Amino acid sequence: MDRNTPDLAPDYAYDFRIAEPRWQAAWEAAGCFRAADKPEGTKPKCYVLEMFPYPSGKIHIGHVRNYAIGDVIARTRRAQGYDVLHPMGWDAFGLPAENAARERGVDPAQWTRNNITAMRADLKLVGLSIDWSREFATCDPEYYGQEQKLFLDFWRAGLADRRESAVNWDPVDMTVLANEQVIDGRGWKSGALVEKRKLRQWFLKITDFAEDLLAGLDTLERWPERVRTMQRNWIGRSEGANLEFSLTAPFGGLDTVKVYTTRPDTLFGMSFLALAPDHPLAAAVAATNPEATAFIADCQSTGTSEAAIESAEKRGFDTGLRVRHPFADADYPVWIANFVLMDYGTGAIFGCPAHDQRDLDFARKYHLDVTVVVAPADDPDLAVADVAYTGDGVIVHSGFLDGLDVKTAKSRAIAELTSRGIGTGVVNWRLRDWGISRQRSWGCPIPVIHCEVCGAVPVPEKDLPVRLPADLSFEKPGNALDQHPTWKHVNCPQCGAAALRETDTFDTFVDSSWYFARFCAPHTTTPTDVAATKHWMPVDQYIGGIEHAILHLLYARFFTRAMHRLGHVGVDEPFAGLFTQGMVTHESYKTEDGSWLYPDEVIKHPDGTATSNGRHVIIGPNEKMSKSKRNTVDPSVVIERFGADAARWFTLSDNPPERDVEWTEAGAQGAFRFVQRVYRLAWSVAGDIADATPLDQATGDARKLRQATHRAIAGVSEAIDGFAFNVAIARLYELSNAINDSEGKTAAGLTAARCEAVDALIRLAAPIIPHVAEEAYALLNPGTELVANLPWLTAEPDLLRRDSVTMAVQIMGKLRGTIELAVGADAETAIAAAMAEPKIAQALAGATIVKRIHVPDRILNFVVRP
RNA sequence: GCGAGAGUGGCGGAAUGGUAGACGCACGCGACUCAAAAUCGCGCGUCGCAAGACAUGGGGGUUCGAGUCCCCCCUCUCGCACCA
């Protein structure tokens, strides 16, 4: 043992360094966790999947937590008699590899492969029940080639097309930037002002499935409600109207502006019309007006993210154009406004400041009219100052809509627009089609060839996969794939003329939108083996971070529907059950000159201060672990010091898994002690021969221990089912305390009861701490079965029944005493017992009892009048 | 800005509307030990000698009874479409 591992009493010490590799090898040799692509037999199936990791280089303690959660489920389900599929792979394409290539001159493929090798080795130390024969990485041509086939299928089926869309362009680095790489309107590396630039890009038509993706949420009963709510809001179905406003004079060849609104009832409250900066009419104005051009250019420096656009100060430019009101004899100014999104609705809105907060902020800034047209019932003379009124009420100042409620007025307004031929009721979606083109070289190449004669031509299936070249150069700025001297130059598959490959790659979300289907039969030469997916899909339990609540999960749901339509899978919903776990956090440490320190560089003192090499250290808040703040804990170091079981136990013990957990040294040591304790308890019964009294005749303390054992069986099973691993662990502590307490006592059947209790402890703890469970079980049952192959325990109902209950007695809802009663005692018995209690009798003296509330076995409450 | 969550002792947390603080960590006292570690026992929300009172971010409400349900507010976290 090295100096960092706590000392152990030598005689019955458990040495994880020897035991953990031994049992990992034993599981491997027995093929415990292998699954068949198409299993025979009648066992129910259970597909357990954790979101696959990005191979950043090292496993993170958050990974340990994520995979430990999945492993507990997988091992428990196996014990409960399921065929379990529990695979692992790598989400291996993405920006970090390209950044490493640019910064350090390494080959992204080699960098990624090295990271995978290192992370696989670390993950294997954790002792997960994974079928490693199914492992793949999304950067394997065998994988991304199948992805290219899927894309061509989607394209043929009309689910993909090309159109223009805006990107963040860094003019210095000559590259497209992700939103997170745009900081205050500038490129994160170059510092150059970012421009919006339009590119022709591929889109997948996720909006074709909007209605279905929304409806499908109602079937996902084993998803967290909040994730379903977030997806519902993201899809954002709204009912409203499209209507055309006529310009008072045609301009730039346009004489109308189409507007989408969810509030046609407030049309009479209009005070302006606003265009998105990239609206065609705005462009027409800019063509003749340099100020408008400057304003639009300014808006485009905001970046493309919704957060940036919506939190920017509201600004506008008055075009001088005017539109006629559809119903009233009035006209209104047309503005260009930075908060109107071209991607939503029609890219133009009518502004009704009294009843929309953004419109109100805008109107106040530019001194536009604010006309109230909805009067709330409790404030008929409402005056709007800085807060728009968005509630229900009666329509006023609105001609033919006067007197109606909001809902009726909406349909009445739509009917009127329709009859005049200037508008219709429409259903609109917030959800936009999914732009999948990325100007990156470390991704799946889009299998398309551009020919001047034939246009965009699919790469013939015989030429798939379109492989990435092995010799990319990152010396120049820009897309390395585009700059490769030969790769993009090919002949058109249709006409044979010289043509160019598409040099964009797929969004990495495409890679993660179908890997779960591939895992069902990862070596097949079609994208999926349909029979295998029909057996294993959907994933019964999917586990990952809440940060994926919307995008990844929505894209995967869409992809699965598209694959179903085209016959690649047999289901619409990929994930029947979803669990979202919290992050692992740690304090951060900084020196006074502002540089970050790793936890092991810091010495903490009992008075709460900390130093490093004698210098004062500032202890920061608990934060998500990140490399930049150096507040990371390396799981391989933890495992080396305390063992995989202790690491697994700790990441599950301290905290409900959906919440963030703080990594603490003391917690890890506590976990280590419990692992030792399990082995020590096994040791304490190892020499005992089961005594003569059969278990079912156990009395006194032996029966009490048996009750504790069976309560633990029921409690742990229930807690694991409900993902309350911290509660399962509390139940296991209770059982181990009960075993401890039974030591040295005498009762009929106690020895047998202790053996039963230890056996239960081992087997109930095994999904969480599988190595010591095997070691302890082997100590008690040498040469028999692996715990990994044993069935789950079930509690005996007779031992779960309590003999009596302690019932609380309240007076006016305040606890005044407790009484001991037989289970199921009736109200009269309970009241009599309560009255016999001196404290209660005293408290009730001189008061009139108005009401007695008796909930059997729960509570007795007296309502009194003085 | 918009959307979604969370908030309980020194700390992590437990609690089908029914005895708030299970279980663990830390801490204190004691046993064992030459000593330390490990282990075992006892204690541990606040105030109070006690009886008791007060306590689940703050304020209101529903209820015989609220950590739990409803309304308002505060703080923190996550997502916002090219990070994964």
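For clarity, every value in this text was computed on a predicted model and none was experimentally measured. Throughout, a chain's letter reflects where its sequence line sits, starting with A, and its residues are numbered from 1. Excluded from the calculations below are hydrogen atoms, water molecules and symmetry mates; all remaining heavy atoms, backbone and side chain alike, are included.
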Distance test, side-chain N/O of A:Asn726 to OP1/OP2 of B:A14, below 4.0 Å: yes
A:Arg852 (side chain) and B:C64 (base): donor-acceptor pair under 3.5 Å: no
Starting at CG of A:Asn737 and ending at C1' of B:U39, how long is that distance when rounded to a whole Å? 13 Å
Is the shortest side-chain N/O distance from A:Arg432 to OP1 or OP2 of B:C82 below 4.0 Å? no
OP1, OP2 of B:G79 versus side-chain N and O of A:Asn233: anything below 4.0 Å? no
If you check every side-chain atom of A:Ile853, which of B:C82, B:G1, B:G18 has the closest atom? B:G18
At less than 4.0 Å, is any side-chain N or O atom of A:Arg358 found next to OP1 or OP2 of B:C2? Yes or no. no
Please determine, for B:C34, whether a Watson-Crick or G-U wobble partner exists with both distances under 3.5 Å, and give it or none. none
Indicate, with a heavy-atom threshold strictly under 4.0 Å, whether A:Glu743 touches base, sugar-phosphate, or nothing. nothing
Taking only side-chain nitrogens and oxygens of A:Lys851, does any of them come within less than 4.0 Å of OP1 or OP2 of B:U63? no
Quick check for you: among B:C2, B:C82, B:A4, whose closest atom lies nearest to any side-chain atom of A:Thr229? B:A4
Nearest of B:G18, B:A84, B:A81 to any side-chain atom of A:Val855? B:G18
Under 4.0 Å, heavy atoms only, any strand: does A:Asp857 hit a base, just the sugar-phosphate, or nothing? nothing
My understanding is that a pair needs two contacts under 3.5 Å, Watson-Crick or G-U wobble. By that rule, which nucleotide pairs with B:C2? B:G79
Please determine if a side-chain N or O atom of A:Thr818 lies less than 4.0 Å away from the OP1 or OP2 oxygen of B:U19. no
Whole-Å gap separating P (B:A26) and CD (A:Gln669): 8 Å
Phosphate OP1/OP2 of B:C82: any A:Arg438 side-chain N/O under 4.0 Å: yes
I'd like to know if A:Arg816 pairs up with A:Glu837 as an ion pair, taking the criterion as any Lys NZ or Arg NE/NH1/NH2 lying under 4.0 Å from an Asp or Glu carboxylate oxygen. no
Could you tell me which nucleotide pairs with B:C69 by Watson-Crick or G-U wobble geometry, both distances under 3.5 Å, or answer none if nothing does? B:G61
Starting at CZ of A:Phe862 and ending at P of B:G65, how long is that distance when rounded to a whole Å? 16 Å
If I take atom CD in residue A:Gln439 and atom P in nucleotide B:C83, what distance separates them, rounded to the nearest angstrom? 12 Å
Base-pairing mate for B:G41 - Watson-Crick or G-U, with both contacts under 3.5 Å: B:C29
Rounded interatomic separation in angstrom, taking CD from A:Glu658 and P from B:U77: 19 Å
So, does A:Arg816 get its side chain near the phosphate of B:A51, meaning an N or O under 4.0 Å from OP1 or OP2? no
Measure from CZ on A:Phe642 to P on B:C25 and round the result to the nearest Å. 14 Å
Quick one: do A:Glu310 and A:Arg358 make a salt bridge, cutoff under 4.0 Å? yes
Do A:Asp433 and A:Arg163 sit within salt-bridge range, that is, some charged N less than 4.0 Å from a carboxylate O? yes
For B:A20, what is the paired nucleotide under Watson-Crick or G-U wobble rules, both distances under 3.5 Å? none
For the base of B:U39, is there a side-chain donor-acceptor partner from A:Arg673 under 3.5 Å away? no
Looking at the side chain of A:Leu815, which of B:G1, B:U19, B:U39 is the nearest nucleotide? B:U19
Is the shortest side-chain N/O distance from A:Asn655 to OP1 or OP2 of B:G12 below 4.0 Å? no
Does a salt bridge link A:Asp343 with A:Arg432, judged by any charged N lying under 4.0 Å from a carboxylate O? yes
Does atom CZ of A:Arg232 have more than 12 heavy-atom neighbours, drawn from other residues, nucleotides or ligands, at distances under 6.0 Å? yes
From the options B:G79, B:C23, B:U19, select the nucleotide whose nearest atom is closest to the side chain of A:Gln810. B:U19
In whole Å, I'd like the distance from the CZ atom of A:Phe650 to the C1' atom of B:C11. 11 Å
Using a strict cut-off of less than 4.0 Å between a Lys/Arg side-chain nitrogen and an Asp/Glu carboxylate oxygen, indicate whether A:Arg200 and A:Glu502 qualify as a salt bridge. no
Judged by whether its glycosidic angle lies within 90° of 0, B:G9 is syn
Show, in sequence, the C-alpha distance, side-chain angles and deciding distance for A:Arg557 and A:Phe209, and conclude whether the side-chain contact (heavy atoms from CB on, under 4.5 Å) test is met. CA-CA 10 Å; A:Arg557 294 180 63 225; A:Phe209 292 82; over 6 Å; no
Which nucleotide, if any, forms a Watson-Crick or G-U wobble pair with B:A50, using both distances under 3.5 Å? none
Send over the distance from A:Arg680 CZ to B:A37 C1', rounded to a whole Å. 13 Å
Among B:A81, B:G18, B:A84, which is the nearest nucleotide to the side chain of A:Ile859? B:G18
Applying a 4.0 Å non-hydrogen cut-off, can you work out what A:Gly817 is touching in the nucleic acid: base, sugar-phosphate, or nothing? nothing
